[in-house]
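Structure record follows, encoded as structure tokens.
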Amino acid sequence: LNAVAESSDFFSKHFEVVEYGRLSHDALRYPLLAVRSRGFTNSSTDTRSKKKNVIVTGGVHGYETSGVHGALRFIEDHLTGKTAEEAAMVEAEFNILVAPCVSPWAYEHIQRWQVGAIDVNRS
């Protein structure tokens, strides 16, 4: 994510990489990262916000690697290289949150489960 973020001036002005947690298995090795729009407002608490929420996730099951690549492709195709006008429209209309790899251990090990054979869809 950081490589994508650093590759585009548009991206760094309008979006940010945030850490929303860490895996307890190996917290230093597995931070949980997401991209969000800088103008992100919580529409559930800010009733003035009329923004639509866009949430993209990937990598829930580590062996489904296309989800991670698809989420990163969404960032590259839709969140980088835009004009100032396009950026203003995106910021005004949408809260965007992209979590491209919600199970980094499983992704790294190409496994459906988490450490200890925990299936996140069955737990």
Side-chain angles (χ1 to χ4, degrees):
L1 280 182
N2 289 327
V4 172
E6 293 167 1
S7 70
S8 167
D9 288 336
F10 170 85
F11 182 93
S12 62
K13 289 177 186 170
H14 302 284
F15 299 93
E16 62 185 334
V17 175
V18 294
E19 183 177 310
Y20 64 92
R22 289 181 170 270
L23 293 186
S24 60
H25 169 69
D26 188 345
L28 293 177
R29 183 172 180 151
Y30 299 111
L32 299 171
L33 302 174
V35 169
R36 80 172 167 204
S37 47
R38 290 194 183 275
F40 198 97
T41 59
N42 186 342
S43 56
S44 65
T45 58
D46 182 358
T47 57
R48 297 168 295 160
S49 176
K50 302 291 187 215
K51 291 183 179 183
K52 296 170 184 72
N53 295 315
V54 176
I55 300 173
V56 177
T57 63
V60 173
H61 298 124
Y63 68 166
E64 296 170 344
T65 58
S66 61
V68 173
H69 297 279
L72 291 171
R73 181 72 182 261
F74 176 85
I75 293 168
E76 291 173 354
D77 288 353
H78 299 289
L79 306 183
T80 60
K82 303 295 181 193
T83 67
E85 284 181 359
E86 290 170 320
M89 188 280 299
V90 168
E91 283 190 59
E93 296 291 325
F94 301 100
N95 285 317
I96 298 175
L97 180 69
V98 182
C101 191
V102 297
S103 298
W105 183 91
Y107 179 75
E108 184 177 272
H109 292 88
I110 314 171
Q111 295 290 320
R112 174 182 172 92
W113 305 279
Q114 295 293 336
V115 175
I118 297 169
D119 184 338
V120 295
N121 280 351
R122 308 287 187 264
S123 301

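In the hydrophobic clustering, Y63 connects to I110, either directly or through intervening members, whenever side-chain heavy atoms lie under 4.5 Å apart.
Proximity of S37 to V90: side-chain heavy atoms (C-beta onward) are nowhere separated by under 4.5 Å.
Take V68 and apply the side chain to side chain contact (heavy atoms under 4.5 Å, CB included) test, not counting sequence neighbours, and it matches L72, C101, Y107. In this structure, F40 has no ring-ring contact (aromatic ring centres under 6.0 Å, His included) partners at least two apart in sequence or on a different chain. In this view, E93 and K52, M89 satisfy the side chain to side chain contact (heavy atoms under 4.5 Å, CB included) rule, not counting sequence neighbours. Residues passing the salt bridge (Lys or Arg N to Asp or Glu O under 4.0 Å) test with E19, sequence neighbours excluded: R22. Listed by chain and residue number, R29 satisfy the salt bridge (Lys or Arg N to Asp or Glu O under 4.0 Å) test with E108 (two or more places apart in sequence, or in another chain). Under the side chain to side chain contact (heavy atoms under 4.5 Å, CB included) criterion, V54 pairs with V56, F74, F94, I96, not counting sequence neighbours. Residues forming a ring-ring contact (aromatic ring centres under 6.0 Å, His included) with H109 (at least two apart in sequence, or on another chain): W105.
At a threshold of 4.5 Å between side-chain heavy atoms, the hydrophobic network of Ile, Leu, Val, Met, Phe, Trp and Tyr places I55 and V18 in two separate groups. Note on I75: it does not cluster hydrophobically with L97, by side-chain heavy-atom contacts below 4.5 Å among ILVMFWY residues.
Each of P104, S103, P31 was evaluated against L23; a single residue qualifies, P104, per the side-chain contact (heavy atoms from CB on, under 4.5 Å) test.
Annotation for P100 and V98: closest pair CD-O, 3.3 Å, computed over non-hydrogen atoms.
Screening residues 63-74 for salt bridge (Lys or Arg N to Asp or Glu O under 4.0 Å), with sequence neighbours left out, gives R73-D77.
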